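Presented below is the structure to which this report refers.
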Amino acid sequence: MPQELLQIEARKPDGDWKNPAVQFRKGFFCYGAAAKNVRYLDLPNPRDWQPFDADWKLPPDWKQILLEGMKERLQRYRSFRLFMDICVRCGACADKCHFYIGSSDPKNMPVVRAELMRSVYRRYFTLAGRIFGALAGGRELTEEVVREWFFYFYQCTECRRCSVFCPYGIDTAEITMIGRELLNLIGCNTNWVLEPAANCLRTGNHLGIQPHGFKDSLEFAAGELEEITGIRVEVPINRKGAEVLFVMPSADYFAEPHYYTLLGYMMLLHEIGLDFTFSAFASEGGNFGLFSSHDLMKRLNAKVYEEARRLGVKWILGGECGHMWRVLHQYMDTMNGPADFLEEPVSPITGTKFENARSTRMVHICEFTADLIHQGKLRLDPARNDRWTVTFHDSCNPARSMGLLEEPRYIIRNACNRFHEMPENTIREQTFCCGSGAGLGTDENLEMRLRGGFPRANAVKYVKEQHGVNLLACICAIDKATLPTLMDYWVPGVQVAGVHELLGNALVMRGEKARTTDLRGVPLAAEVANA
Amino acid sequence: MQSVYAMGAVGAVVVAAALAGQMTRGEAWMSAVAFAGFAVFLAGFCYRVARWATAPVPFRIPTTCGQQKSLPWIKSATLENPSTTGGVLGRMALEVLLFRSLFRNSQTRLDQGRLIFSEQKYLWLAALAFHWSLLIILVRHLRLLVEPVPAVLLLIERVDGFFQLGAPPLYLSDIVLACALAYLLLRRFRDPMVRYISQFSDYFALLVLIGIAASGLVMRYVTRVDVVAVKQFALGLAAFHPVRAAALGSVFAVHLALISVLAAYFPFSKLMHMGGEFLSPTRNLANNNRSKRHINPWNYPVKTHSYAEWEEEFRDKLKGADLPLEADHAARASAD
């Protein structure tokens, strides 16, 4: 980590963006994918290489591969073709990207990031560009351009904030996704995306935890819960005939502070007596394929339906995760459906029909829990969260691809006494990314992450100063993994938690012993314990 | 540099047209240019829209700007996050007629290590003013192409010419258009961020539009072009039967030539956002992804790591951890 605080300063853009030269400075990029991961996923051109190498060992016909790949995608995605054609460069998106704000690198303006691709599109796929070249905004596809693509397409968290402001809804995430797909065709990918993806394909989760390890983690959690609550919760795994399959991001049973969210889920599911099962095969909903290619996304996502079918459950419940939900909401049913072997989800506790999940048959845990609270099925003691003054970070994917905004807030308001919103321009659909999504959350990329996360941190700092906020709640595993670093750096003293951790703290379970600590093992304030 | 090239290109058109306007049989050239421009516009526009329309939308990718439709007691944003076709129509109408997304624009700037967000509505205002006044002016021009002039056109003219400051009446739309274009061009030059991203095409389109507006204003308010002659000529064009028109002059020639150039340039440029906006998959789809199944026309099977393969690979570990195995299930079932 840099010794001094980064100087975030606004510099006026200069130079010509058409010059593709980039410098692979330490802290600003992710390492290339190890050959074994590329091989395991059957992707092209496995080799040992690094982005700062002089020779990228591209296949000899790399240019043709890229152009053909582009042509194919222009025919397959209206979004891609349209977004290549209609940008008027009005500049509305320019200062909306957290990476541009944090780095002042003008190629991080969404419009320019897209233009890196558009210029090549114009040169090779439009009449004007073929005839007039640079005058029509065209650019030759050179190896330098490939490096530039790699640098900037892996410097976009695909958070879609810019799209909210675009008069035509041009979604830079779509362009970045296609850009990464193209780079994958010639073997230019990052290890931080492909290793989790390879692990996920092999073991079912991105950390590569094998079935017995999965079981150990969950049983360990159950043991801890017994110490905290005096209640032994069950840990059903791969149980056939359960009513509901529960799928979560793997970090929830492995990393902190995710782990406390897992405790929250387990308490909740036990307390309401839901007939559910975990799966060691579908032990991850998070999908690193989203950051690589549509193909890989589909390959990794397929296990969720496959497992639901095999176990014979009625419907699927999903945990707190950002890109998992982007995939489940926008892609799963189309890619791997129809889910006609499942039933339309109905909460067995409240009888509520989740009509918005009628087709995919997969419900978000926040939707599920908000309904339970609203129907009065949970006893909550928000005072147990009194050591926290909470604010909520809308994780980009659920916020901007689903509109899951009120459900988590409803849960927080019922589980906590002190809640404050961050400023309007930084929440809900205008939420700022954690700066580490889309496969960028690795330490070799730390300076860029801290710069990209600056706008989010800045908003947290504001509510910390105004209201004494000391907890940033969120519903995304990547947030939980990377926001603590961001907070420690920019806003020391603010912790990060999942919404279901707060719920777990507040949840009064039947037959529980007098609770003395919260889920983190921190003693509850004496007056609270006595109350 | 791009702006200089664009000025050169527009300048060349202006000079050529001005000369043509002085030539004998100049109106024959003008007719030819106008027909060519209009033909390229029509054919090109249809081609481009058809190219988009025939490309599939494999996935539902609407961007949502508000609460989803979920539980009945949570109020959803029916226009910003539509779940029905009606909602989508509303959202698109807001976008197309009022530039809703652009209205959301704010300015983000750093002030001593703090981020400051401020309202930034000038771009929205200028864009809206430009598009609406251009539309009104276009509609007004229809009077040159139809005889008799429909009452609705006369009404629009009356309202537009509300500020009667002498003869001919000053049209509000003319002033608004001129101001908006001037702002948009100045912004391209003066805002460092926008200047950085601006290309030939951006300057060229603006300069052509400014040329059209300027020549139009000169004709109306300065040189007082012979409107009867213009109408005669325009009706001839509209009937595909060009007529000789007396003394239309160079300014008219410039006006018509720039319009023709713009029309011909339209389908090959960013100006196609006019047609494209309606087809944008992040805006024109309902966010009902989980409630309605959507079909990808080119969906194909991919190689996954199936449960059976997984169980095979981890059989010993599954057994060791006492986790149920499919094989066991099968054995148990046959034993029953």
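Please read these numbers as outputs of a predicted model, since none were measured by experiment. Proteins come first, then strands; the chains are lettered A, B, ... in the order of their sequence lines, and each starts at number 1.
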Run the numbers on A:Phe165 and B:Trp124 for ring-ring contact (aromatic ring centres under 6.0 Å, His included), then give the verdict.
CA-CA 11 Å; A:Phe165 297 90; B:Trp124 169 80; over 10 Å; no
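- Residue with the most contacts toward chain B among A:Lys12, A:Glu367, A:Met362: A:Glu367 (heavy-atom pairs, distance under 4.5 Å).
- The parts of B:Asn105 that come within reach of chain A are both its backbone and its side chain, each placing non-hydrogen atoms under 4.5 angstrom from that chain.
- With a 4.5 angstrom heavy-atom cutoff, B:Asp322 touches chain A via backbone and side-chain atoms both.
- Contacts between B:Pro301 and chain A at a heavy-atom distance below 4.5 Å involve the backbone alone (N, CA, C, O).
- No part of B:Glu309 comes within reach of chain A, as not one of its non-hydrogen atoms sits under 4.5 angstrom from that chain.
- When heavy atoms are compared at a cutoff of 4.5 Å, B:Ser76 does not approach chain A at all.
- If you measure heavy-atom distances from B:Tyr196 to chain A, the contacts under 4.5 Å come from both the backbone and the side chain.
- Proximity to chain A is limited to the side chain of B:Trp298, based on heavy atoms less than 4.5 angstrom apart.
- Residue contact with chain A, scored on non-hydrogen atoms closer than 4.5 Å, involves the backbone of B:Ile295 exclusively.
- The parts of B:Tyr300 that come within reach of chain A are both its backbone and its side chain, each placing non-hydrogen atoms under 4.5 angstrom from that chain.
- Contacts between B:Leu123 and chain A at a heavy-atom distance below 4.5 Å involve the side chain alone, from C-beta outward.
- There is no contact between B:Arg100 and chain A, counting heavy-atom distances below 4.5 Å.
- Here the side chain of B:His305 pairs a donor or acceptor atom with the backbone of A:Leu201 at under 3.5 angstrom.
- Looking at B:Tyr307, the atoms closer than 4.5 Å to chain A (heavy atoms on both sides) sit in the backbone and in the side chain alike.
- A side-chain N or O of A:Glu407 and one of B:Ser70 form a donor-acceptor pair less than 3.5 Å apart.
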